[in-house]
Amino acid sequence: MYAATALLLLLAMGMTLVRALRGPTVFDRILAVNMFGTSTVLMVSVVSFMHHVTDMTDIALIYALLSFTGTIAVLRFVEIDHERREMERAEQEREVLP
Amino acid sequence: MSLLLDVLSWVLLLSGGLLSIVSAFGVLRLPELFQRMHSATILDTLGAGLVLSGLILQAGFTVISFKLFLVFLLLALTTTTAAHALAKSALADGIYPKGIDPEVVRAGLSEGLPGRQRIATDRARERVAPPASPQEDPPPQPSEEGGPPWA
Amino acid sequence: MIAEHAIILVVVLPLLVAPLCVLLGRGTLAWGAATLAVWSSFGLALHLLGRVLEEGVLRYQLGGWAPPVGIEYRLDLAGALVMTIVTAIGAVVLPYSFASVRREIDEHRHAWFYACLLLCFAGLLGITVTGDAFNLFVSLEISSLATYVLVSIGRDRRALTAAFRYLLLGTVGATFYLIGVGFLYQMTGTLNMEDMARILTEARPDGLGPVHSTKTVRAALAFLTVGTFLKIALFPLHVWLPNVYAYAPSVVSAFLSATATKVAILVLLRVFYTVDGKATPFDALPIADTMVPLAIVGALVASFVAIYQRDVKRLLAYSSIAQVGYMAIGIGLATQAGLAASLLHMINHAIMKGTLFLAVGCIVYRVGQTRLEGLRGVGREMPLTSTALVLGGLSLIGVPLTAGFVSKWALLQAVLADSHWIVAALILLSSLLSILYVGQVIHVLLLRKRPPGAAPIQEAPLWMVLPTLVLAIGNLWFGIASDQAAEVSRQAAEFLIREVAP
Amino acid sequence: MGVAIDIILLLFLLSIAFAACVTRNLFSAAMLFGIFSLISATLFVVLDAVDVAMTEAAVGTGVSTILILITLASTGYRVSPRPAGRQVLALAVSVVLGATMVYGTLDMPSLGSPDAPVHTHPIAQYYTEVSPVEMGIPNMVTPLLASYRGYDTLGETAVVFTAGIGVLALIGRRRRKDPLPIVEEFREGGANRHRVLRVISKQLIPPILLYACYVQAHGDFGPGGGFQAGVIFASGLMLFMLLFGVEHARRIIRPVVLEKLIALGLLIYGGVGLVNILQGGAFLDYRTLAHDPQHGLHYGILTIELGVGITVAAVITTIIYSFASHLRDHVMQRTLRLRQGADAAQTSPESGA
């Protein structure tokens, strides 16, 4: 039963992966990575029951904590990049104008 | 009793797995970002909840169950918050849901917020070009309240 | 107690004084602590060398766990020899560094600089003394990482790109080494070098000949060899070296050129002899057939390129590549005489390159640059420095009565004993080329006149000149009283080779 | 079934690696690395390498992605195409490398084979059978890392230490005599536009730090130990930095303190070894620390894990602080320049007239 669930999750991970590869916008990728993180957490928990090594729930916990940090970081840097592009555009405008 | 629990947990696990497929399929096939986000939340909350509660039933009343519950709690908190931030960033970046007038979204975005917390682009524009410029033929200025022309 | 634990203290003292330097925070205090640590390491190393000569291989069980369960420190004569070179160079360089570092590195970075210097030092020593293949990798990482920092810590922006390139190639080299060790571990189940060597000659469990004839072990050897070649800077894997030596701070150039490649050569010897000795790697892989031609081509090309360098430090860097070529020839011959000549050249090259880079550092201290045009006539106004420079240069060429002559002569003899006439001729040719590039430097420094109106120059401060002169006199000493060094390197080579013969 | 999962995961890895090589957008490459690490950690879990999986989880998902992103934010996201000749050379080198590795695996014992030398060598039995009795520690990995091969771990801690010092030496910010004028918008840094995010995520920081302490102390019984704990602790501080800005984070734990902590951790580790020597044992022989050797081992392992944890946490925090401060200064200077440019553009016609 665990194996069946694991396979279903793997299939879901595969589809998410395709979305992460295809984009098209940065936000699609972030969404896909975030969702991939969630499925990994589930996958790790399921596999830990499958192998009867229940220590691994610790790893699932770490993932749940840290993949969130990763997502926020990505969002922050998307914003920074956005502002940077705006600034570059402004610089160019200024060079054209005078 | 134990058989009942087993069957119940299997049902939960499998339905969780199936939901994850549905959710991933949506993320893969739906046409635009906000619809995909909607689909992704299915896994983030319901799918994760089902799978984890299936596992909790298997583990019984142990530390493992507590940890799994923590995982669920964290996922429920973080994924939703992340989704909120993601949507907000996407809107600020100029990506709008289909079939909705951008003007409406923009008005909604900048209306509800105090001046200091307006969205990224407004601020970036202001920062670059300070408002009061007494020049002839100034560059297209964003007006304070109405929002800048989106490039 | 100190005698009992000397073999570990020699490495751990500098390793632990490094964080102490950071805690002290002030440049002068850090310098003092570093100097004390390095000098005590030097003392311990001399003590250890004496004991190895008397008692043979020294062993130490880290954590009290008997190998192969735990890590073993195992010091043979070759290791003790390289350890003495490294600590001696360190002991000379540190007094020198006080003034030089103040001139070349921003003040708030001094404590970090000394910490990294100590880490590099400790890492290099760890390589010489370890008997564990993975522990060797760890030490290699410590020294490499510290080296990247040391190279880029100065004010020269070009050093950053040089260090980055070195970082990439050095990491590739270290990774190759790690892959090789991983493969060997797969086939032997142990990381202890002696244990590996023993298992490699055993029959495989499936009854298909000895373990060392498997494809896995061969691939492992190939990875280990190529990875180490990168660290040695053997032609054509030398591309990282010239810029690193040219743009690093003077102290760092001197220390690295005199120690880092030597230790890397020791790694190669460990791979060839200690780990895989009984399996005779020279039969399993075409090592000799590739190494000697590569080395001799490298020596020629590097000497040739050195002639055209307009920057003294770059010139010396290319000469280092050529000299590494000589050492590689000796190893590639796979004879005891060749190996002994390589080890001897290792000692002598450390001394002469140390002298030269320290002398150039003195010039940098006063003149602030290393381009040949800017150095016209500078030597006349810095008599002591230029004496050292000339001595080092003569030794580099291999003029009789200098250290360089002794080892080159030994190498030629070893080559001729195997009747490789062409190789011998090419070595001579490369030495002729070295006359050209050394002559060029001496010509510019001493025979040309200072441009009119140039500001007068003083001799470098005493604490920089003195260490330089000590090394310069070392060139003469090892050239005249050469028997002792030759004897030690002969014994070391004999020991390594004897490990091969069961 | 396990094999099927292995193969699917490996296929994922392969496709991601390929995509990361092909893409011209470094930002998406960075995100792909994030997924790559997620998958490889899952693979470690499937292979039962719990401690490795934990390390990968702690480092790969958070810290390394963020470092790459900060770097990209201060350099730019696009790569220019390389000349074709170089690409051919790189391809040739990779092919030869791959071929050698495949050649090397031909004679290797198959995965998990009980006849493999790794399992038949006496030390394998020692580690699996004698060690739990000798040490009294259920998690087999911890005594291996912390005691049998504790010297390697000391070396690795020194490597981490070197990395921290290196970053400080190269981009560590000097205390300026004339600090940059602060642009008003940057005074409150971090995710100040995301109020919901701030309020919710703030609640997560204490649990993360607490969990790091749990992992630190729990290494004897489950996966974990100083290294993982250090990374998790640093990730908690990093979350704070992302939410409230690097300047605020620097006021919470000052960089000078971090610098000293980096050194302190390594000194604690090495100090244990020196104490062992003073008590008449070999370097890092913890059995000398107490009358009962097993107690000594426990004390020793706990202490050195603490040292590792302190150094790792301090180094990672230092690295991220330095990178983030660098980025912040970069952006601020750029904004200032832009403003000065705007002022100049305003004043220049007047001066001309």
Side-chain angles (χ1 to χ4, degrees), chain A residues 1-2 4-9 11-19 22 24-28 30-32 34-35 37-39 41-43 45-46 48-49 54 57-58 60-61 63-65 67-69 71-72 74-76 78-80 82-87 89-91 93-94 96-97, chain B residues 6 9-10 13-14 16-25 27-29 33 36-37 40 43-44 47-48 51-52 54-55 58-59 62-64 67-68 70-75 77-79 81-83 85-90 92-93 95 120-121 123-125 127-129 137 139-140 151:
Chain A
M1 202 50 53
Y2 297 131
T5 317
L7 277 185
L8 287 177
L9 282 170
L11 196 62
M13 281 161 93
M15 288 199 265
T16 326
L17 189 58
V18 174
R19 176 50 67 201
R22 286 223 316 236
T25 65
V26 185
F27 300 100
D28 288 295
I30 300 177
L31 179 70
N34 199 11
M35 191 173 155
T38 314
S39 358
V41 170
L42 297 181
M43 177 84 190
S45 325
V46 171
S48 80
F49 274 75
T54 37
T57 38
D58 279 336
L61 203 53
Y63 264 140
L65 284 170
S67 73
F68 175 61
T69 314
T71 310
I72 295 182
V74 174
L75 275 176
R76 281 286 298 134
V78 168
E79 284 178 4
I80 292 175
H82 182 76
E83 291 184 20
R84 205 175 61 128
R85 277 203 313 260
E86 290 286 326
M87 227 185 277
R89 195 176 306 150
E91 266 174 8
E93 275 172 16
R94 175 151 314 119
V96 173
L97 274 174
Chain B
D6 267 0
S9 83
W10 289 344
L13 277 174
L14 273 191
L18 285 176
L19 267 180
S20 75
I21 296 279
V22 171
S23 156
F25 189 73
V27 168
L28 184 62
R29 295 291 302 161
L33 177 69
R36 288 183 204 131
M37 279 182 69
L43 172 69
D44 283 344
V51 171
L52 289 174
L55 292 178
Q58 284 289 332
T62 53
V63 183
I64 311 291
K67 278 184 189 165
L68 287 174
L70 272 187
V71 170
F72 171 69
L73 211 63
L74 278 174
L75 279 182
L77 261 178
T78 56
T79 48
T81 319
L86 183 71
K88 211 171 155 188
S89 281
D93 209 42
I95 301 172
T121 316
R123 292 157 46 86
R125 288 248 152 167
R127 194 176 307 154
V128 165
D137 191 12

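Each chain gets a letter, A, B and so on, in the order its sequence line appears, and its residues count up from 1.
Put simply, of B/L18, B/I21, B/V71, the one with the most heavy-atom pairs under 4.5 Å next to chain A is B/I21. Per-residue counts of heavy-atom pairs under 4.5 Å with chain A were compared for B/L55, B/L14, B/L70, B/T79; the largest is that of B/L55.
The contact between A/L9 and chain B is made by backbone and side chain atoms together, counting heavy-atom distances below 4.5 Å. Residue B/L77 does not touch chain A at all, counting heavy-atom pairs closer than 4.5 Å. Contact annotation for A/V74: neither backbone nor side-chain heavy atoms come within less than 4.5 Å of a heavy atom of chain B. Proximity to chain A (any heavy atom under 4.5 Å) is shown, for B/A87, by neither the backbone nor the side chain. Looking at B/S23, the atoms closer than 4.5 Å to chain A (heavy atoms on both sides) sit in the backbone and in the side chain alike.
Scanning both residues, B/R36 and A/P24, for their nearest heavy atoms gives NH1-CD, 4.0 Å. Between A/A12 and B/S20, the closest heavy-atom pair is CB-O, 3.6 Å. The two residues A/T71 and B/A82 have their closest heavy-atom pair at CG2-CB, 4.2 Å. When every heavy atom of A/L75 is checked against every heavy atom of B/A85, the shortest pair comes out as CD1-CB, 3.6 Å. Listed here is the closest heavy atom pair of B/L52 and A/S45: CD2-OG, 4.1 Å.
Rounding to the nearest 0.5 Å gives a distance of 8.0 Å between OG1 of B/T78 and CG of A/L65. In this structure, A/T38 OG1 and B/L74 CG are separated by 11.5 Å, a value rounded to the nearest 0.5 Å.
In this structure, the side chains of B/M37 and A/F27 stay at 4.5 Å or more apart for every pair of heavy atoms. Within the 4.5 Å cutoff, the side chain of A/T16 has no heavy atoms near those of the B/L28 side chain. Contact check for A/M15 versus B/V27: no side-chain heavy atoms found under the 4.5 Å cut-off. In this structure, the side chains of B/L68 and A/F49 come closer than 4.5 Å at one or more pairs of heavy atoms.
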Could you walk me through whether B/L86 and A/N34 satisfy the side-chain contact (heavy atoms from CB on, under 4.5 Å) test, starting with their C-alpha distance in whole Å, then the side-chain angles of each, then the deciding distance to 0.1 Å, before giving a yes or no? CA-CA 10 Å; B/L86 183 71; A/N34 199 11; over 6 Å; no
